[in-house]
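Written below as structure tokens is the structure these notes are about.
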Amino acid sequence: MQVKQRVVEERTAGAGKASPLSGLLPGGEIQPGTAVSAGTDLPLLLALAALATAGTAAWAAVGVPELGALAAAQAGLDLATGLVVADPGPRAAQVLGALLESVPVVLVGSAVRLPDRAVRRLRALMRRSGSVLLAQGGWPGAEVQLRVVSAGWEGVGRGHGLLHGRRVTVTAGGRGAAARPRRAELWLPGPDGLVGVVEREAAEALWEERRAGLRVVG
């Protein structure tokens, strides 16, 4: 309950502010009726889901068994509006179709594989309903393709300390308006559990901390 209350308060405080992910997305947001691939990085997938559901939109996750309630809540998802289908079985296409007709944001795991014909049907359905599909791993025809190309936890210096955030480099590409390559340095997650921009001054301070802990040997 405390986690959920904190997330709601942070959302309210941040209302009207651009998301740290905005610079990676055409138009600064996830467009209705489109598919976005998040690569294999679960925190990135959850951050995209939190952005897409801002404003208390309902969401569903299909075939993402590693998705935990605590991780989802800390990323900014409202557990009260979520539905999880851990294993859709052989009827994955039908499950996704039913959800995309009624749920604004649907997450799909990397283990869910569909034939091209089913993907085309789902794409047409998304255009009609305006629902968003966020894919872990690749997704055929995804309008936007994001990927974490480097990641490392920060906060432990000289062999001691507390982890305070994971610093990542995210690249973006895709089709149409998303074709121009983009790149961003982000905290994913940051100290508050949410996504944040790596400020240059903070990055330089961390590098100085690391360098101070190095010594020449031999």
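The first residue in the sequence is number 1, and the count goes up from there. Everything numeric here is computed off the predicted structure, so don't read it as measured data.
Arg175 places a side-chain N or O within donor-acceptor distance of the main-chain N or O of Gly141, the cut-off being under 3.5 Å. Under the 3.5 Å distance criterion, the side-chain polar atoms of Thr169 are left unmatched by any main-chain donor or acceptor of Val149. For Glu101 (side chain) and Leu125 (main-chain N/O), no donor-acceptor pair under 3.5 Å exists by modelled atom type.
When all heavy atoms of Val144 and Ala178 are compared, the pair lying nearest together is CG2-CB, 3.9 Å. Residues Val168 and Ala151 share a closest heavy-atom pair of CG1-CB, 3.7 Å. The minimum heavy-atom distance linking Val197 with Pro20 is given by the pair CG2-CB, 3.7 Å. Here the shortest heavy-atom pairing between Gln31 and Pro26 reads NE2-O, 3.2 Å. Nearest approach of Ala60 to Leu99, heavy atoms of both residues: CB-CD1, 4.0 Å.
Put simply, Val103 and Val132 are part of two different groups of oily side chains (I, L, V, M, F, W, Y) that touch within less than 4.5 Å, one to the next. Note: the hydrophobic cluster containing Leu83 does not contain Leu67 (ILVMFWY, side chain heavy atoms under 4.5 Å, direct or indirect links). Linking ILVMFWY side-chain heavy atoms closer than 4.5 Å, directly or via other members, places Ile30 and Leu46 in a single hydrophobic cluster. Both Val148 and Val195 belong to a common hydrophobic cluster when Ile, Leu, Val, Met, Phe, Trp and Tyr are linked at side-chain heavy-atom distances under 4.5 angstrom. One hydrophobic cluster, built from ILVMFWY side chains closer than 4.5 Å, holds both Trp139 and Val95.
Scored by the side chain to side chain contact (heavy atoms under 4.5 Å, CB included) test, Gln94 finds Arg91 as partners (sequence neighbours excluded). Remark: Glu29 pairs with no residue by the salt bridge (Lys or Arg N to Asp or Glu O under 4.0 Å) rule, at least two apart or across chains. Residues forming a side-chain hydrogen bond (donor to acceptor under 3.5 Å, both in side chains) with Ser37 (at least two apart in sequence, or on another chain): none. For the side chain to side chain contact (heavy atoms under 4.5 Å, CB included) test, no residue two or more places apart in sequence or in another chain qualifies with Thr40. Under the side-chain hydrogen bond (donor to acceptor under 3.5 Å, both in side chains) criterion, Arg147 pairs with no residue at all, not counting sequence neighbours.
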Query raised in the report: Which is it for Leu21 and Leu44 under the side-chain contact (heavy atoms from CB on, under 4.5 Å) test, yes or no, and what are the steps along the way?
Result: CA-CA 10 Å; Leu21 294 170; Leu44 178 57; 4.1 Å; yes
Requested in this report: May I have the step-by-step check of side-chain contact (heavy atoms from CB on, under 4.5 Å) for Leu133 and Met126, ending in yes or no?
Outcome: CA-CA 8 Å; Leu133 185 144; Met126 290 163 56; 3.7 Å; yes
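One finds the CG atom of Asp41 at 10.5 Å from the CG atom of Leu146 (value rounded to the nearest 0.5 Å). To the nearest 0.5 Å, atom OG1 of residue Thr171 and atom CG of residue Leu24 are 8.5 Å apart. Separation of atoms CG (Leu194) and CG (Asp192) is listed at 4.0 Å; rounding is to 0.5 Å.
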Identify every side-chain donor-acceptor pair in residues 104-124 under 3.5 Å, counting partners at least two apart or on other chains, and give the distances.
residue: Arg123; atom: NH2; partner: Pro140; partner atom: O; Å: 3.2

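With contacts defined as side-chain heavy-atom distances shorter than 4.5 Å, the pair Pro189/Gln74 does not qualify. Contact of the Trp59 side chain with the Thr81 side chain is registered, since non-hydrogen atoms from C-beta on lie closer than 4.5 Å. By the 4.5 Å heavy-atom criterion applied to side chains, Val64 and Leu42 are counted as neighbours. Counting heavy atoms from C-beta outward, Asp78 and Thr53 have side chains that stay 4.5 Å or more apart.
A salt bridge is defined here as a Lys NZ or Arg NE, NH1 or NH2 lying under 4.0 Å from an Asp or Glu carboxylate O, and Arg167 with Glu185 meets this definition.
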